[in-house]
Amino acid sequence: MSTDTPLPTPEQFDTLIRARRSIQPIQFEPGRVIPDDIIERMLENANWAPTHKRTEPWRFVVFKGAGLQRLAEFQSGLYRQQAGEFVDEKKAHKLATNPLLASHVIAIGMKRHHVLPEIEEIEAVACAVQNLHLTAVANGVGGYWGSGGVTYLEEAKPFFGLGPEDKLLGFFYLGYVAQQPGRNLRKPIAEKVTWVTE
């Protein structure tokens, strides 16, 4: 960004952050597809997250079109395989259908670098996802970071190009919002902050 690029006002920035919501796939407009240039802008902004020692540990796999069906089949199939006789049919159905409700789904991975504690790499990826989410909001797109399903199964990693020491940290579902969510409230910040002045 050049130094003469106008920045949002503090008020505009506050509005953007406070407008962010987790929008479940069931809340997306069916069949409405987000242009790829918006997805690419989201990914580029994610790439500017803070990263200790510049390891840039975030890795993303974007599913769209027929790729959503491939993701749905993979995760529902792996879940059934792992659950065996204890399959929860409601969960299996959700894994098989949720990706199909989205315009795009981004698998969120963390590439492990041993120069840092693992938690610092996870924190960097979380910052990248926040950048994804804020960019989505700025472009009128709903997003949801889910970490259920196959997220923590070792057997899922190769499908997303991740090695044994890497981590799959969930899926970011994207779509246009069919109905805007209501107000989102937070407890006062004063309850969560201690000031040390001397």
Side-chain angles (χ1 to χ4, degrees), residues 22-26 28 34 36 39-136 142-175:
S22 290
I23 308 295
Q24 300 278 343
I26 195 71
F28 295 155
I34 301 164
D36 283 345
I39 304 298
E40 289 165 2
R41 180 180 298 135
M42 291 172 56
L43 294 165
E44 183 61 35
N45 286 346
N47 199 39
W48 286 89
T51 167
H52 193 191
K53 295 191 182 293
R54 297 184 182 173
T55 58
E56 302 177 27
W58 42 83
R59 296 294 184 273
F60 303 113
V61 179
V62 182
F63 295 88
K64 71 170 198 172
L68 294 168
Q69 183 66 49
R70 186 173 170 204
L71 172 62
E73 290 171 359
F74 169 76
Q75 65 178 9
S76 60
L78 181 58
Y79 166 69
R80 286 184 178 281
Q81 177 187 326
Q82 294 290 312
E85 61 182 294
F86 302 105
V87 168
D88 177 337
E89 289 297 336
K90 185 176 178 182
K91 181 174 181 178
H93 177 74
K94 187 174 179 181
L95 290 170
T97 57
N98 263 5
L100 308 180
L101 301 175
S103 167
H104 294 69
V105 177
I106 302 175
I108 303 162
M110 181 210 74
K111 188 75 176 168
R112 183 74 173 105
H113 300 89
H114 288 281
V115 296
L116 293 173
E118 183 181 71
I119 187 63
E120 294 190 16
E121 301 285 69
I122 293 171
E123 291 162 347
V125 175
C127 288
V129 174
Q130 178 73 340
N131 284 2
L132 281 177
H133 212 160
L134 291 176
T135 309
Y144 171 70
W145 183 5
S147 58
V150 302
T151 297
Y152 302 123
L153 296 180
E154 288 296 316
E155 296 82 357
K157 291 179 182 179
F159 184 80
F160 302 100
L162 298 170
E165 296 188 336
D166 304 332
K167 288 204 177 302
L168 180 62
L169 296 176
F171 302 91
F172 199 68
Y173 292 81
L174 290 158

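The two residues Gln75 and Val150 make their nearest non-hydrogen contact at O-CG1, 3.5 Å. The two atoms that bring Leu168 and Ala156 nearest to each other are CD2-CB, 4.2 Å, heavy atoms only. The minimum heavy-atom distance linking Gly142 with Ile23 is given by the pair CA-CG1, 3.9 Å. Nearest approach of Ala124 to Pro57, heavy atoms of both residues: CB-CG, 3.8 Å. Taking all atoms of both residues into account, the shortest heavy-atom contact from Gly170 to Trp145 is CA-NE1, 4.0 Å. Scanning both residues, Glu56 and Thr51, for their nearest heavy atoms gives N-OG1, 2.9 Å.
Here the CD atom belonging to Gln24 is positioned 9.5 Å from the OH atom belonging to Tyr173, to the nearest 0.5 angstrom. Note: Ile39 CD1 to Lys64 NZ = 9.0 Å, rounded to the nearest 0.5 Å. The distance from the CD atom of Glu44 to the CZ atom of Arg41 is 11.0 Å, given to the nearest 0.5 Å. Rounding to the nearest 0.5 angstrom, the gap separating the CG atom in Leu101 from the OH atom in Tyr144 is 12.5 Å. A distance of 8.5 Å separates CH2 in Trp58 from CG in Asn131, rounded to the nearest 0.5 Å. Atoms CG and CD1, from Leu174 and Ile106 in turn, are 5.0 Å apart once rounded to the nearest 0.5 Å.
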**Message:** Applying side chain to side chain contact (heavy atoms under 4.5 Å, CB included) to Val62 and Leu43, what does each step give before you reach the verdict?
**Reply:** CA-CA 10 Å; Val62 182; Leu43 294 165; 3.9 Å; yes
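Atom CG of Leu100 has more than 12 heavy atoms from other residues, nucleotides or ligands within 6.0 Å.
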Report, one line per pair, each donor and acceptor closer than 3.5 Å where one atom sits in a side chain of residues 79-87; sequence neighbours left out.
unit_1	atom_1	unit_2	atom_2	d
Tyr79	OH	Asp88	N	2.8
Arg80	NH1	Glu89	OE2	3.1
Arg80	NH2	Glu89	OE1	2.7

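Residue pairs meeting the side chain to side chain donor-acceptor pair (under 3.5 Å) criterion with at least one partner in residues 146-160, sequence neighbours excluded, are Glu154-Lys157.
Every salt bridge (Lys or Arg N to Asp or Glu O under 4.0 Å) that Lys167 has, sequence neighbours left out, goes to Glu118.
Shown are Asp166, Leu162, Thr55; of these, the side-chain contact (heavy atoms from CB on, under 4.5 Å) with Arg112 is made only by Asp166. For the ring pair (Phe, Tyr, Trp, His ring centres under 6.0 Å) test with Phe171, the passing option among Phe74, Phe160, Phe60 is Phe160; the others fail. Each of His113, Lys53, His52 was scored for a side chain to side chain donor-acceptor pair (under 3.5 Å) with Glu121, with one residue passing: His113.
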